[in-house]
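What follows is a single structure, written as structure tokens, with notes after it.
Hydrogens, waters and symmetry mates are skipped; everything else that's a heavy atom, side chains included, is used.
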Amino acid sequence: MRKTVTKGLSALLALALALTLLCTGALAEGSATYPLFDEPVTITSVVKGVDMTHDRSLWTELGKLCGINFEFTNVEYDQFPVYLSASAWPDFFNTDMDSSYMNDYGVLGGKFVDYATLLEYMPYLQEVLAEFPNARKAVTYSDGGMYQLPLIDVTCTSGSGANRMHYRTDLLAEYGLEAPTTTEEFYQACKTAFEKTGTAPMISISKGFFYSALGTEVNWDFADDGTGKVVWNSCGEQYKRYIEYMHRMYAEGLLHKEYLTLDSTARNALCADGVLFMGGDGTQLTAADFPSGHFDIDQLAPLTSEWDDTKTYISNGSQMGYVGGFAINKDCQYAKELAQCFDILYAKEEVAPGTGLYCAAGHYGPEGHHWKFTNEEKTEFTFIYDDNPDNEPGNTYTYKRDIFNYGPFLYTFKNVVNSEESNTRSRQIGYINNLNPYVIPSFPSLTFNDDEQMTIDSYYADIKTYVSRMEAEFITGVTDIETGWDAYCEKVKAMGIDEVLGAYQSAYDRWNQL
């Protein structure tokens with residue numbers, strides 16, 4: 001009888017333990033139980049060029065769950081190199097650092113913790129790396145060390161950047177036009193708009209949107225030619241076609257004559273005046289700027305052309321993974337616990353009931369604090385407003401962002417839109433329907449060793465400046481592309497592009513071997 005009672009008691013105790021683990025966030029094999037410390041500890045961190053008055057709810061709630069008091073110090077961008085050269089470092093850096101810093105202080109200096117030695121404490125990250133294997137490559141340095149965590153962004157806006165082409169659906173209907181599907185139809189649509197209004201329907205250039213339409217390449221700079229060889233496309237025929245196309249738009253008044261000098265305030269004013277018809281702008285338009293009182297704005301799908309009949313657009317690199325930061329000081333005595341804490345930001349589900357802490361928390365803060373889903377499918381969300389008079393629908397989050405603006409795994413918002421009628425919602429729906437189905441990964445984010453980085457630093461900044469200047473001169477006609485193209489390409493070669501390609505090739509070969 002006693003054995004029977006003992007077995008029953010043991011089963012109850014096991015059930016209680018399982019429920020305790022569930023409630024403390026042990027949802028994945030090997031995941032942590034919270035809090036991580038019997039008594040709260042203070043952990044210091046540095047951020048780079050961040051407004052410290054912003055709400056830090058993510059870190060407040062992470063601290064409550066894990067038993068950590070996070071103390072942050074802001075260092076301005078221009079002072080960051082000086083700060084790094086000093087001896088008094090924080091426990092971790094809540095900012096990303098480029099290859100030159102990591103080579104000096106990680107690979108050569110040995111001053112950062114190698115996350116490869118901590119992965120056993122990060123089961124959520126392990127699951128993510130299995131799903132996105134290139135993400136680990138993005139943060140693996142020349143010595144094989146993993147000194148920072150990867151950032152993976154698969155939100156609906158993650159690839160829009162230089163590839164977006166918003167358009168006014170109301171103006172399209174007013175002009176009796178269908179949404180253009182080819183580069184020639186786009187030109188004709190803009191020409192119709194110009195004939196009706198006398199003003200340029202484009203006020204800025206979305207480079208990636210046009211470049212990918214005029215050939216089979218999506219990367220206008222570094223790319224794999226299909227054999228593992230790194231090429232640089234800004235002297236290629238497709239790039240030349242892109243410049244010729246934009247020059248045609250400019251010469252015929254379809255691209256604003258001052259597109260190079262218009263700042264965001266001027267562009268926003270032109271959009272509000274109804275000048276915008278097609279372009280990457282329009283994000284600040286309000287309902288009052290549309291005759292209907294609704295947000296009649298959408299995202300154009302990628303175009304095709306006589307050189308390429310496939311719709312493609314390039315992601316911004318984050319969908320493959322790149323450096324997200326969180327480098328831990330080698331002298332930090334809480335490296336394991338910090339790894340367990342950061343691992344929460346890679347979890348796809350809440351790690352402990354009621355905390356709102358999982359990967360989505362890195363985007364807008366913990367779920368239920370400043371935002372919430374508004375439907376069971378979790379495809380729409382809204383912000384939770386307070387009485388702050390500065391808060392306005394669609395803009396509130398700018399006052400509530402955590403001091404690390406984006407978490408390292410932006411997964412939950414892949415196909416999620418704002419539930420309130422807004423400019424943001426209209427564009428988000430446009431991205432989901434018209435961009436995301438055609439995404440092509442960009443060239444991967446590479447890490448460079450000291451020699452490679454030195455080569456790149458020696459040549460590429462000047463090359464980029466020259467290429468940017470010549471692009472503007474070709475488009476505006478200051479330099480004729482037919483007579484100036486060969487000289488441009490020869491100049492780039494003389495400036496050291498082959499040396500830069502050599503550094504990229506070496507790093508890319510290493511990346512492919514990981």
About how many Å separate [atom2] of [Y] and [atom1] of [X], when rounded to the nearest 0.5 Å?
{"X": "H166", "Y": "R427", "atom1": "NE2", "atom2": "CZ", "result": "5.0 Å"}
{"X": "L338", "Y": "L62", "atom1": "CG", "atom2": "CG", "result": "10.5 Å"}
{"X": "L260", "Y": "I475", "atom1": "CG", "atom2": "CD1", "result": "7.5 Å"}
{"X": "L36", "Y": "C341", "atom1": "CG", "atom2": "SG", "result": "7.0 Å"}
{"X": "L285", "Y": "L276", "atom1": "CG", "atom2": "CG", "result": "6.5 Å"}
{"X": "L125", "Y": "I344", "atom1": "CG", "atom2": "CD1", "result": "13.0 Å"}

Is there a donor-acceptor contact under 3.5 Å linking the side chains of [X] and [Y]?
{"X": "N268", "Y": "T265", "result": "no"}
{"X": "Q299", "Y": "Y167", "result": "no"}
{"X": "Q126", "Y": "Y346", "result": "no"}
{"X": "D296", "Y": "S292", "result": "yes"}
{"X": "N436", "Y": "Y431", "result": "no"}
{"X": "T310", "Y": "T312", "result": "no"}
{"X": "T304", "Y": "D309", "result": "no"}

>> Any non-hydrogen side-chain atom of K372 less than 4.5 Å from a side-chain atom of T382?
In response: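 Side-chain contact under 4.5 Å: yes.
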
Fit a plane to each ring of [X] and [Y], take the angle between them on a 0 to 90° scale, and name the class: parallel (under 30°), tilted (30 to 60°) or perpendicular (over 60°).
{"X": "Y239", "Y": "Y242", "value": "tilted"}
{"X": "F93", "Y": "F112", "value": "perpendicular"}
{"X": "F80", "Y": "Y83", "value": "parallel"}
{"X": "F186", "Y": "F209", "value": "tilted"}

> Which pairs count as salt bridge (Lys or Arg N to Asp or Glu O under 4.0 Å) when at least one residue sits in residues 169-195, sequence neighbours excluded?
Replying inline: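 Residue pairs with at least one partner in residues 169-195: R168-D170, E184-R248.
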
> Does a salt bridge link E131 with K348, judged by any charged N lying under 4.0 Å from a carboxylate O?
Replying inline: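 Result for this pair is yes, salt bridge flagged.
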
> Around Y411, counting heavy atoms of other residues, nucleotides and ligands shown, do more than 12 lie under 6.0 Å from its OH?
Replying inline: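 No, not enclosed.
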
>> Ring centroids only, cut at 6.0 angstrom: are F342 and F326 within range, meaning strictly under it?
In response: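 For F342 and F326, the ring centres are under 6.0 Å apart.
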
List the atom of [X], the atom of [Y], and the distance in Å for their closest heavy-atom pair.
{"X": "D91", "Y": "C332", "result": "OD1-SG, 3.6 Å"}
{"X": "A189", "Y": "F277", "result": "O-CE2, 3.5 Å"}
{"X": "Y147", "Y": "Y141", "result": "CD1-CD1, 3.7 Å"}

> Is there a side-chain hydrogen bond (donor to acceptor under 3.5 Å, both in side chains) between E252 and Y187 once you walk through the steps?
Replying inline: CA-CA 10 Å; E252 296 187 24; Y187 161 77; 2.5 Å; yes

> Would S426 and N423 count as a side-chain hydrogen bond (donor to acceptor under 3.5 Å, both in side chains) if you check the C-alpha gap in whole Å, the side-chain angles of each, and the deciding distance to 0.1 Å?
Replying inline: CA-CA 5 Å; S426 295; N423 188 309; over 6 Å; no

> So, is the end of the K257 side chain (NZ or CZ) under 6.0 Å from the ring centre of Y250 and within 45° of the ring's axis?
Replying inline: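 Yes, cation above the ring, under 6.0 Å and within 45°.
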
